[in-house]
Novice: 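Dumping the structure here so I can ask a few things about it.
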Amino acid sequence: MKKVIINGTIVTATETYEADILIVDDKITCIGKQLNRDVDEVIDAKGAYIFPGGIDPHTHLDMPFGGTVTKDDFETGTMGAAFGGTTTVIDFCLTNKEEPLKNSIKTWHDKSKDKAVIDYSFHLMIGEINEEVLEELPHIINQEGITSFKVFMAYKNVFQADDGTLFRTLEAAKELGALVMVHAENGDVIDYLTKKALREGKTEPIYHALTRPPEIEGEATGRAAKLTELTHSQLYVVHVSCQDAVEKIAEARSKGVDVWGETCPQYLVLDKTYLEKPHFEGAKYVWSPPLRDKHHQETLWRALKNGELQTIGSDQCSFDFDGQKSLGINDFTKIPNGGPIIEDRMSILFSEGVEKGRISLNQFVDITSTRAAKLFGLFPKKGTIAVGADADLVIFDPSVKRTISAKTHHLAVDYSAFEGMEVTGEPISVLSRGDFVVKNKVFVGKAGNGKFLKRAKYGEMVDVESEVKVPL
Ligand code: URP
Ligand code: ZN
Ligand code: ZN
């Protein structure tokens, strides 16, 4: 099947130019002016940008958490992602200490394989390091193609790992070629502060934020960065929400320590006051780390602009307001943490970032796609527009003005975290490996069409022609 996209403006992390794109089956095979139109389908992208499909490096689909399971699974979650211009998600595979890691990986494959409408991969949670875990890791990296691990420094008695586990995970990652991701908040201090608040009768959603101050995120970020320096390893800090954490990442980077940082749309545009909304509505805005005072937003934007933070994840982790968030109506610690962001990740970054002059168009592509592809072993198959790359493409109309709403989103969850927000720009059509998933704003994909992606090791890329792994 041959398709040609004409009249569009191609935008990559480094270039913006007008050219046609020839797609043969699942790959981009030629980019140039006035390409032959004797093909099966000519797609006119006049007035639109063509972006590489977005890569969302941080999702929780069909995940048990907080006494319930996230509302959006691999089908509805990846549909929402596709409508938002994302063509690859990397989801967190939870593990438990009692079981071999391979069982958890199988569980995640079972959740996703018949449901995903776009391509996907997994990061693997490490809750504890022992001899069995160390024995499994080489196979997981080399055969399963799962080349990133997640260590939680928070959620005491649930996911939280101790510093010894983080240290040994960093050591193993250095040796085996993986990237260690951390949720950086001091879980022990949070545990103390939340129990104290409840003893004092403080039960409303706002206490979620007040018991997890930014200093606690900064402290954990600095600790993780120090352990990374000590092990000469590599670290990716997820969902950075505040100045305190940005400063620790910047300090480590300035010393040459291999530390990367991701923020999320919610921290860029929402603030702590949302947790004070009446009638328990503040529960819709309960994330960990929590929303911060407004001044942190400008720090995050500046950090994206100057490269102290490099990526944007959605941290998609949706729970219905009715029946799920409401588990915490009398106790903020029982509100399931997380929200629906996957569909709006790119639109918000474009509208609030590019349109408002905070980042350039090419930085937008780097932050939403290319950098994640490079960090997580997918480049240049994913994350760019180049001959040989997968034809994962977004035809994006930068002039459309629209209002975000749960009435029009494509997720299963019953609310939008950005209800009523006006944005500029919208993906019109989205292709995954050469096939439309969304065509003229209509879903034309199919559950199960998404493929699991085995990823290259940290610092490597896969040559698209020979499949040989070479240094990035
Ligand atoms: O509140 C959040 N972030 N929920 C998802 C789980 C996590 O910590 O990433
Ligand atoms: Zn987290
Ligand atoms: Zn998360």
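When a ligand or atom number is given, it counts from 1 through the structure's own listing order. What's counted below: heavy atoms across the whole structure, side chains too, no hydrogens, waters or symmetry copies.
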Novice: Heavy-atom distances under 4.0 Å are what count here, so tell me which part of Tyr155 touches ligand 1: side chain, backbone, both or neither.
Specialist: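 Looking at Tyr155 and ligand 1, just side chain atoms fall under 4.0 Å.
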Novice: Consider every N or O of Asn337 and every N or O of ligand 1, then say whether any pair is closer than 3.5 Å.
Specialist: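 Yes.
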Novice: Does Lys284, at its NZ atom, have more than 12 non-hydrogen atoms belonging to other residues, nucleotides or ligands within less than 6.0 Å?
Specialist: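 It does: Lys284 NZ has more than 12 such atoms within range.
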Novice: Show which atoms of ligand 1 fall inside a sub-4.0 Å distance from at least one heavy-atom site of His183.
Specialist: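 Atoms satisfying the 4.0 Å criterion: 8 (O).
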Novice: Between His58 and His239, what is the ring plane arrangement, given parallel below 30°, perpendicular above 60°, and tilted in between?
Specialist: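 Tilted.
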Novice: Quick check: closest heavy atoms across Phe65 and Cys317, and the distance to 0.1 Å?
Specialist: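 Shortest heavy-atom contact: CD2-SG, 4.1 Å.
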Novice: Give the residue, atom name and distance (to 0.1 Å) of the protein heavy atom nearest atom 3 (N) of ligand 1.
Specialist: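 In this structure, atom 3 (N) of ligand 1 has Asp315 OD2, 2.6 Å as its nearest protein heavy atom.
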Novice: Of Lys454, Lys382, Arg455, which meets salt bridge (charged side-chain N to carboxylate O under 4.0 Å, His left out) against Asp119?
Specialist: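 Only one option passes, and that is Lys382.
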Novice: Looking only at side chains, do Asn96 and Glu99 share a donor and an acceptor under 3.5 Å apart?
Specialist: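 Per modelled atom types, Asn96 and Glu99 side chains form a pair under 3.5 Å.
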Novice: Report yes or no: do Ser360 and Asn362 form a side-chain donor-acceptor pair below 3.5 Å?
Specialist: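 Ser360 vs Asn362: no donor-acceptor pair found between side chains.
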Novice: Under 2.8 Å from the Zn ion (ligand 3), which protein N, O or S atoms are there? Could you list them by chain and number?
Specialist: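 Less than 2.8 Å away from the Zn ion (ligand 3) sit His58 NE2, His60 NE2, Asp315 OD1.
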Novice: Please confirm whether Met63 comes under 4.0 Å of ligand 1, counting heavy atoms of the residue only.
Specialist: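 No.
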Novice: Tell me: protein heavy atom nearest atom 1 (O) of ligand 1, and distance?
Specialist: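 Of the protein heavy atoms, Ser288 N, 2.8 Å lies nearest.
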Novice: What class does the angle between the rings of Phe332 and His208 fall in, given that below 30° is parallel, 30 to 60° is tilted and above 60° is perpendicular?
Specialist: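 Ring orientation of Phe332 relative to His208: perpendicular.
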Novice: Once the angle between the rings of Phe122 and Tyr120 is folded into 0 to 90°, is it parallel (under 30°), tilted (30 to 60°) or perpendicular (over 60°)?
Specialist: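 Tilted.
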Novice: Is there a nitrogen or oxygen of Trp287 sitting under 3.5 Å from a nitrogen or oxygen of ligand 1?
Specialist: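 For ligand 1, there is no N or O atom that lies under 3.5 Å from one belonging to Trp287.
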Novice: For the pair Tyr236 and Phe376, name the ring-plane relationship: parallel under 30°, tilted 30 to 60°, perpendicular over 60°.
Specialist: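 Geometry flag for Phe376 against Tyr236: perpendicular rings.
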